[in-house]
Amino acid sequence: MNNDKNRPSWDEYFMEIAEVIRKRSTCLRRQVGALIVKDNRILSTGYNGAPKGLKHCSEVGCTRANYNVPSGERHELCRGLHAEQNAIIQAAVFGIAIEGATIYTTLSPCVLCTKMIINSGIKRIVLREQYNDPLAIEMLEESGITITKMD
């Protein structure tokens with residue numbers, strides 16, 4: 001916390017909101033929340049779960065578990081979208097420009113989300129927990145996107 005009357009910094013504030021967003025997740029393996037912010041204004045939010053109108057893993061079971069897919073592999077074998085994907089998609093659905101924005105996420109992005117983040121023009125990622133995806137890390141380093149890890 002900063003010392004301004006115990007007010008959280010902007011990063012602390014938005015990360016706390018991401019932690020609340022992740023509570024909506026319907027993933028049986030890992031709950032993730034994300035929000036996209038520009039000029040200290042929330043533009044879009046997302047959590048991991050099935051596409052709208054479809055049954056969630058919490059209702060029908062985990063496809064990845066059924067196929068014994070290890071964490072970090074075969075992302076396409078999942079009913080759900082990732083939190084970052086949902087936040088980017090929601091911004092697009094509502095016509096909200098996110099170029100130059102910051103994305104706050106409770107887990108660092110996988111390679112699929114990394115590519116979406118790069119192409120969307122997001123310039124900064126603030127994350128809570130590191131996810132082991134070497135290609136995502138390599139691509140983020142190459143992209144020049146600023147990454148801040150919070151404890």
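Just so we're clear, the structure is a prediction, and the values are computed from it rather than from any experiment.
- Arg7 has its side chain out of reach of Glu12: every pair of non-hydrogen atoms, C-beta onward, lies at least 4.5 Å apart.
- At least one side-chain heavy atom of Leu127 sits under 4.5 Å from a side-chain heavy atom of Ile147.
- Rounding to the nearest 0.5 Å gives a distance of 10.5 Å between SG of Cys62 and CZ of Arg79.
- No donor-acceptor contact under 3.5 angstrom links the side chains of Gln90 and Ser44, judged on distance only.
- Separation of atoms CD1 (Ile103) and OG (Ser120) is listed at 7.5 Å; rounding is to 0.5 Å.
- Among the candidates Thr105, Asn48, Thr114, the single residue satisfying the side chain to side chain donor-acceptor pair (under 3.5 Å) test with Glu84 is Thr105.
- Using cut-offs of 30° and 60° on the angle between ring planes, the pair Trp10 and Phe14 is parallel.
- Here the closest non-hydrogen pair linking Ala50 and Leu81 is C-CD1, 4.3 Å.
- The residue from Lys149, Met150, Arg30 that alone fulfils the side chain to side chain contact (heavy atoms under 4.5 Å, CB included) condition with Glu129 is Arg30.
- When side chains are defined from C-beta on, Tyr47 counts as touching Arg24, because their heavy atoms get closer than 4.5 Å.
- Gln31 and Thr106 make their closest contact through O-OG1, 4.1 Å (heavy atoms, listed as atom of the first residue, atom of the second, distance).
- For the pair Tyr104 and Val37, the minimum side-chain heavy-atom distance is below 4.5 Å.
- A distance of 7.5 Å separates CD of Glu59 from OG1 of Thr26, quoted to the nearest 0.5 Å.
- Side-chain contact check for Tyr131 versus Pro109: every heavy-atom pair is 4.5 Å or farther apart.
- A donor-acceptor contact shorter than 3.5 Å links the side chain of Arg64 to the backbone of Arg74.
- The minimum heavy-atom distance linking Val111 with Asp133 is given by the pair N-OD2, 2.9 Å.
- Under a 4.0 Å N-O distance rule, the pair Glu19/Arg128 qualifies as a salt bridge.
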